[in-house]
Number of protein chains: 2
Amino acid sequence: MTTDHTGGRGGATIGAAPAAGPRASRRAGTRRKLFDAAVTLIAEQGFSATTVDEIADRAGVAKGTVYYNFTSKNDLFEELLRDGIDLLAASLRHAADTTYRRGGTRIDALDAMVRAGLDFIAGSPSLTQLYVAELWRTNRTWRATLKSVRGRALAVVESVLRDGVDTGELSDDIDIPLTASALFGMVLVAALDWQSFQPHRSVDDVHASLSRLLQGRVGGAAAAVPRTAPAATAPPSPAALPLPATAP
Amino acid sequence: MTTDHTGGRGGATIGAAPAAGPRASRRAGTRRKLFDAAVTLIAEQGFSATTVDEIADRAGVAKGTVYYNFTSKNDLFEELLRDGIDLLAASLRHAADTTYRRGGTRIDALDAMVRAGLDFIAGSPSLTQLYVAELWRTNRTWRATLKSVRGRALAVVESVLRDGVDTGELSDDIDIPLTASALFGMVLVAALDWQSFQPHRSVDDVHASLSRLLQGRVGGAAAAVPRTAPAATAPPSPAALPLPATAP
DNA sequence: TCCTTTGTTCTGACTGGTCAGTCTAAAAGT
DNA sequence: ACTTTTAGACTGACCAGTCAGAACAAAGGA
């Protein structure tokens, strides 16, 4: 009753046994157990509805231990977030870099990042859920932490978009911050929905759907600019080639 | 201090004064005030962290009134959700229908729905935020309510996608449920992010970005199927015309 | 091998405060 | 006459955080 799930991918935790050689003081292990217990409980019930006693129980330690290792419930939560989302950013970065190293385009990199995002979420659904649930809340002390953490993940996506625009692979009229956040959101929600409501689908199914969306195989031509008077019921006009506009 | 915001679009409320003729018993008004107060508070702080006393205060009524109108805090919350999301589904439906009536294509309809979604969220950010924060939580009593409410909104998107496939406007190899949920997520997160982190942008900016994404003006060709060996750094291959596959 | 010592880590009963939900007698409102 | 709202005291449960001491390790000492 200690090990519990939280999914593969190191389920939102330490990442690397903190430096220390062999006998890495018990603390590290205890903190790990607490993270794992907390992430699932908070994802299920929310921060306020989860009690410190529950977390301690689930982790198999006494309540006092929580307070020996973290200064407060809040602190535990913030460290949890930092720890977890850093892993996501790292995994996105890695996906992009690997793609480049193999000679892929920026667009390949975006696609690889979508996949990495899906894999990550599949591995740590609780963490993701918790992140989404708390990200847009105002009036909460951890707002700053979340914002910075969000920035770190989005920065990776934005940098790939920016490269793509610079090299002419992507049309330069895209709005980088907005596009990055939309992409991020698309993956986030699609993945959560998949896990919650259509768990029988495979990652590949989901990935394929998102790729198609990204490639415009869904919303082909038409409606180039918002509020364009809709063309008559005429079939598809094959216009709207993706690509560069006025790029170098 | 009673009227508060919650935004235009009837800010998540009654929708239509419940049947009753002219003097629609005060209750309707009181419930409305309570909904408005609750939606903002819960969006900011979360369900558990929001107290009934706060809600009553903000609505300008006595605590007893809350319990005269709703059987519990939970009940108030569930009615709130139902009420609000029904409005979203209605607004999406309306956007699609209007587009058709004006001779637009299914793709125009999707675009109009994106716009309707953005407008709705801009008008009721709190409701949206609260919805996103709670949707994927397991172990909460209102899970069923949320699920059904989600279904109702997605059904609208799915029906448009299905029509598009039937008429050949959309490639028939898209996965309708997954695509619908990804679209929904894209709009949801982009809108929340916009409100939270880039509030200076206009709806049109956001809409334009999403439209481009939908039309494949971002992720042009390449990576047609997940795991395609990335083509060399070669520039864009203008392939990937959206459209029909084997449709009639 | 079996203590002793010393610092670290863990324990769980306890405290002080908070909150959902109840209740009443009276006042509005229609 | 009937419905709805009021003010707020009260209760029983629940919970974050504390604290004095127990259990554990590592390193000697005999």
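Below, chain A is the first sequence line, B the second, and so on; all start at residue 1.
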When you get a sec, tell me which of D:dG17, C:dC10, D:dT4 is the closest nucleotide to the side chain of A:Lys73? D:dG17

Nearest-nucleotide wise, let me know which of A:Thr51 and A:Thr71 is further upstream toward the 5' end of DNA chain D. A:Thr51

Between C:dT9 (P) and A:Tyr68 (OH): distance, integer Å: 4 Å

note: A:Arg32, atom CZ; C:dT9, atom C1'; distance rounded to Å ~ 19 Å

When every nucleotide of nucleotides 12-17 of chain C is labelled 5' to 3' by its protein contacts under 4.0 Å (heavy atoms), B for base, S for sugar-phosphate only, - for none, what sequence of letters results? B-----

Is there a side-chain contact between A:Tyr100 and A:Val160, using heavy atoms and a 4.5 Å cut-off? yes

Side-chain touch A:Arg115/A:Asp204, heavy atoms, less than 4.5 angstrom: yes

Contact nearer the 5' end of DNA chain C, comparing A:Asn69 with B:Ala49: A:Asn69

Indicate the ring-plane relationship of A:Phe47 and A:Phe77, choosing parallel, tilted or perpendicular according to the 30° and 60° boundaries. tilted

In short, the helix from C:dT1-D:dA30 to C:dT30-D:dA1 is bent end to end, axes from five pairs each side, to 10°, by 20°

Have a look at B:Thr128 and tell me which of B:Val39, B:Val187, B:Leu188 forms a side-chain contact (heavy atoms from CB on, under 4.5 Å) with it. B:Leu188

Tell me whether the rings of A:Phe35 and A:Phe70 are parallel (<30°), tilted (30 to 60°) or perpendicular (>60°). tilted

Residue of the set B:Glu79, B:Arg27, B:Arg31, B:Lys33 for which side-chain hydrogen bond (donor to acceptor under 3.5 Å, both in side chains) holds with B:Asn69: B:Arg27

Atom CG of A:Asp75 to atom P of D:dA16: distance rounded to whole Å? 15 Å

State, with a plain yes or no, whether a side-chain heavy atom of B:Asp111 is found less than 4.5 Å away from one of B:Thr99. no

Sequence neighbours excluded, which residues qualify as salt bridge (charged side-chain N to carboxylate O under 4.0 Å, His left out) partners of B:Arg93? B:Asp97

Once salt bridge (charged side-chain N to carboxylate O under 4.0 Å, His left out) is applied, what residue pairs with a partner in residues 61-74 of chain B remain, sequence neighbours excluded? B:Asp53-B:Lys63

Interatomic distance where CZ belongs to B:Arg27 and C1' belongs to D:dT4 [whole Å]: 8 Å

Polar pairs (N or O, both sides) under 3.5 Å between protein and nucleotides 20-22 of chain D?
none

With a 4.5 Å limit on heavy-atom distance, are the side chains of A:Gln129 and A:Gln195 in contact? no

To the nearest Å, how far apart are A:Glu54 CD and D:dC14 C1'? 11 Å

Starting at atom OH of B:Tyr67, determine the distance to atom P of D:dC10, rounded to an integer number of angstrom. 19 Å

Give the rounded distance in Å between these two atoms: CZ of B:Arg31 and P of D:dT4. 11 Å

Starting at atom CG of B:Leu76, determine the distance to atom C1' of C:dA20, rounded to an integer number of angstrom. 13 Å

When you check the phosphate oxygens OP1 and OP2 of D:dT5, does a side-chain N or O of B:Thr30 lie under 4.0 Å from one of them? yes

Taking only residues two or more places apart in sequence, or in another chain, which ones meet B:Asp75 in a salt bridge (charged side-chain N to carboxylate O under 4.0 Å, His left out)? none

Considering only NZ, NE, NH1 and NH2 on the basic side and carboxylate oxygens on the acidic side, decide whether A:Arg162 and A:Glu158 come within less than 4.0 Å. yes

Considering every strand and a 4.0 Å limit on heavy-atom distances, what is the contact class for A:Ser48: base, sugar-phosphate, or nothing? nothing

